[in-house]
2 protein chains.
Amino acid sequence: MAKAGTKGVARAQRERQILDIAGRTFAEHGYAGTSLAAIAADAGISKPLIYNYFGSKEGLFSACLTRAGETIAGVIENTAELGHVGPEQAILSLDRIFTALHGQTWMWRLLHDPTTPTTPEITVKHTHYQHRMHTVGAQGVADMLRKADNHDPLDASALTAAWINVFDALVTWWTDHPTETPHAMTQRAARLFTTVFGPLDLDQLPLNNR
Amino acid sequence: MAKAGTKGVARAQRERQILDIAGRTFAEHGYAGTSLAAIAADAGISKPLIYNYFGSKEGLFSACLTRAGETIAGVIENTAELGHVGPEQAILSLDRIFTALHGQTWMWRLLHDPTTPTTPEITVKHTHYQHRMHTVGAQGVADMLRKADNHDPLDASALTAAWINVFDALVTWWTDHPTETPHAMTQRAARLFTTVFGPLDLDQLPLNNR
DNA sequence: ATCGGGTAAGTTACCAGTGGGTCACCCGAT
DNA sequence: ATCGGGTGACCCACTGGTAACTTACCCGAT
């Protein structure tokens, strides 16, 4: 068996590797359902190394959460700045999300884990990313509600939640069908949106996966 | 401190009480994040009594899952048999769901716990209820896709998932806004569906919460 | 009426395994 | 020779699970 001694892996690289495996595992089994021993075994290292780098189980989870949250919120916010609206903006967002999450769809699920610790640090971070996504979603939804002359803030909140959950559903579906390419997912999303909302004008969108 | 001896509570009643508390706790913290000691304390009884009645933690969870699954799947299936279609059927389903889940929205969340044990019994049960909901959802969706001349089974699968997740979003939103009445929720859902899908004809629907 | 036993409801005390977390120590490259 | 990467062995709190015991109620026989 491998004794002690370095394996020539730099800290930054090792941290990324651990974060990747941990994120995947947390997303699949939930925070409470995941043991650090399992993560260590999966990464081919020992438990104390994880503590060396991340301090605690919660610290490790926090790091995973940051990575996932920044990735997803960043993509959505950047896409929103392009100034498209309605279903077209949604397709564009999904396109970017499918690109960014290719091979790491676990990031999305991490933001929806019901077993996260309830410590202030994690809660704050969680709320922060939830809020950023909600904000962007709310803008797209507000337009629709305004046209219908609906100014109820609770209606807006609920519709935003529903809207985000459609994204959630598509990403989750992708997780269950991992052989689908990002390209295929964008195409599928476009077909489905067309079915529900009527014809879309995609030609002018700067899609990654046309 | 309370000694041993009966407290005059009949078994059936006690079982319902335990199931209620356990379901709520499992839904909130996930299976893995829940300890039987906590449930026992919440119910004001001791741990062995739970084992007397449910055999094991998994058995308790299984019982919770059955109650939640039968309730939800039953409501959806019964509603589907009334023969309405499209958004009208959806509103009717939501109306019935809001009625059935009043004060126990945890039932919905229980079906989405990522930390459920992976034993055959639980997996089978889980898949069973998931399948029943998916089947009903797929029927509503199939109609829409047929009209758009889309016969891709994967598209149908993905759209069904998205569709169910809209329900999920509204129930989850309700969980986060527990002071809303079922009546208010039905009204809200109707407004939102109108905004998205255009005018609906609700007068002919046998709504519980008009 | 009441005594006594069977049974259902309930508890305390305990065990064994697991999982988070720590300590002292060990290699290998520069 | 030293410093960063890395580990085996351990601690302890907690959790699932069990055994043995206790108390209250119901009901038939006296």
Side-chain angles (χ1 to χ4, degrees), chain A residues 1-22 25-26 28-65 113 115-119 121-122, chain B residues 1-19 21-22 25-26 28-65 113-119 121-122:
Chain A
M1 193 55 194
K3 286 276 170 188
T6 183
K7 295 171 183 168
V9 180
R11 173 164 182 156
Q13 192 181 336
R14 193 60 101 186
E15 279 182 349
R16 267 206 317 266
Q17 183 208 0
I18 295 174
L19 243 54
D20 209 66
I21 291 175
T25 315
F26 280 138
E28 189 176 346
H29 303 293
Y31 179 81
T34 300
S35 83
L36 287 194
I39 293 177
D42 251 30
I45 57 171
S46 68
K47 214 172 36 161
L49 191 59
I50 297 180
Y51 280 90
N52 258 352
Y53 288 169
F54 297 98
S56 67
K57 184 184 185 184
E58 193 190 315
L60 176 60
F61 182 81
S62 181
C64 292
L65 193 60
D113 182 1
T115 67
T116 50
T118 56
T119 61
E121 192 207 329
I122 297 291
Chain B
M1 194 54 192
K3 290 272 168 192
T6 180
K7 296 171 182 169
V9 179
R11 172 162 186 159
Q13 192 182 335
R14 194 59 103 184
E15 280 182 348
R16 267 206 317 267
Q17 184 208 359
I18 295 174
L19 243 53
I21 291 175
T25 314
F26 281 139
E28 190 177 346
H29 303 292
Y31 178 81
T34 301
S35 83
L36 287 193
I39 294 177
D42 251 32
I45 57 172
S46 66
K47 215 172 38 166
L49 192 59
I50 298 180
Y51 281 91
N52 259 351
Y53 288 170
F54 297 99
S56 66
K57 185 184 185 183
E58 192 189 316
L60 175 60
F61 183 81
S62 180
C64 291
L65 193 60
D113 182 3
T115 67
T116 48
T118 55
T119 61
E121 192 206 330
I122 297 290

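When reading the values below, keep in mind they use all heavy atoms of this one structure, side chains included, and skip hydrogens, waters and symmetry mates. Chain identifiers are assigned alphabetically (A, B, ...) following the order of the sequence lines, protein sequences preceding nucleic acid strands; residue numbering begins at 1 within each chain.
Going from atom CD of A/Glu58 over to atom P of C/dG19 covers 19 Å, rounded to whole Å. Atom CG in A/Leu49 sits roughly 6 Å away from atom P in D/dG6 (whole-Å rounding). Regarding A/Ile18, its CD1 atom lies at a distance of 14 Å from the C1' atom of D/dT7, rounded to whole Å.
When distances run from any side-chain atom of B/Arg14 to the nucleotides C/dG10, C/dG19, D/dG6, the shortest one goes to C/dG10. Among the nucleotides D/dG16, C/dT11, C/dA9, the one closest to the side chain of B/Ile45 is C/dT11. Closest to the side chain of A/Pro48, out of C/dG10, C/dC23, C/dA13, is C/dC23. The nucleotide whose nearest atom lies closest to any side-chain atom of A/Asn52 is, among D/dG6, D/dG17, C/dG21, D/dG6.
Looking at A/Lys7, its side chain never comes within 3.5 Å of a backbone N or O of A/Ile45 through a donor-acceptor pair. Judged purely by atom type and a 3.5 angstrom limit, B/Gln17 uses its side chain to pair as donor or acceptor with the backbone of B/Ala43.
Using the Watson-Crick or G-U wobble rule with both distances under 3.5 Å, D/dT15 pairs with C/dA16. Across all strands shown, the partner of D/dT30 is C/dA1, judged by Watson-Crick or G-U wobble contacts whose two distances both fall under 3.5 Å.
Using a 4.0 Å heavy-atom cutoff across all strands shown, A/Ser46 reaches at least one base atom of the nucleic acid. Within the 4.0 angstrom heavy-atom criterion, only backbone atoms of the sugar-phosphate kind lie near A/Leu36; the bases stay farther away.
Within 3.5 Å, no donor on the side chain of A/Lys57 pairs with an acceptor on the base of C/dG19, nor the reverse. Checked by distance alone, A/Lys7 brings no side-chain donor or acceptor within 3.5 Å of a matching partner on the base of C/dG28.
Smallest separation of non-hydrogen atoms from B/Ala22 and B/Cys64: CB-SG, 3.8 Å.
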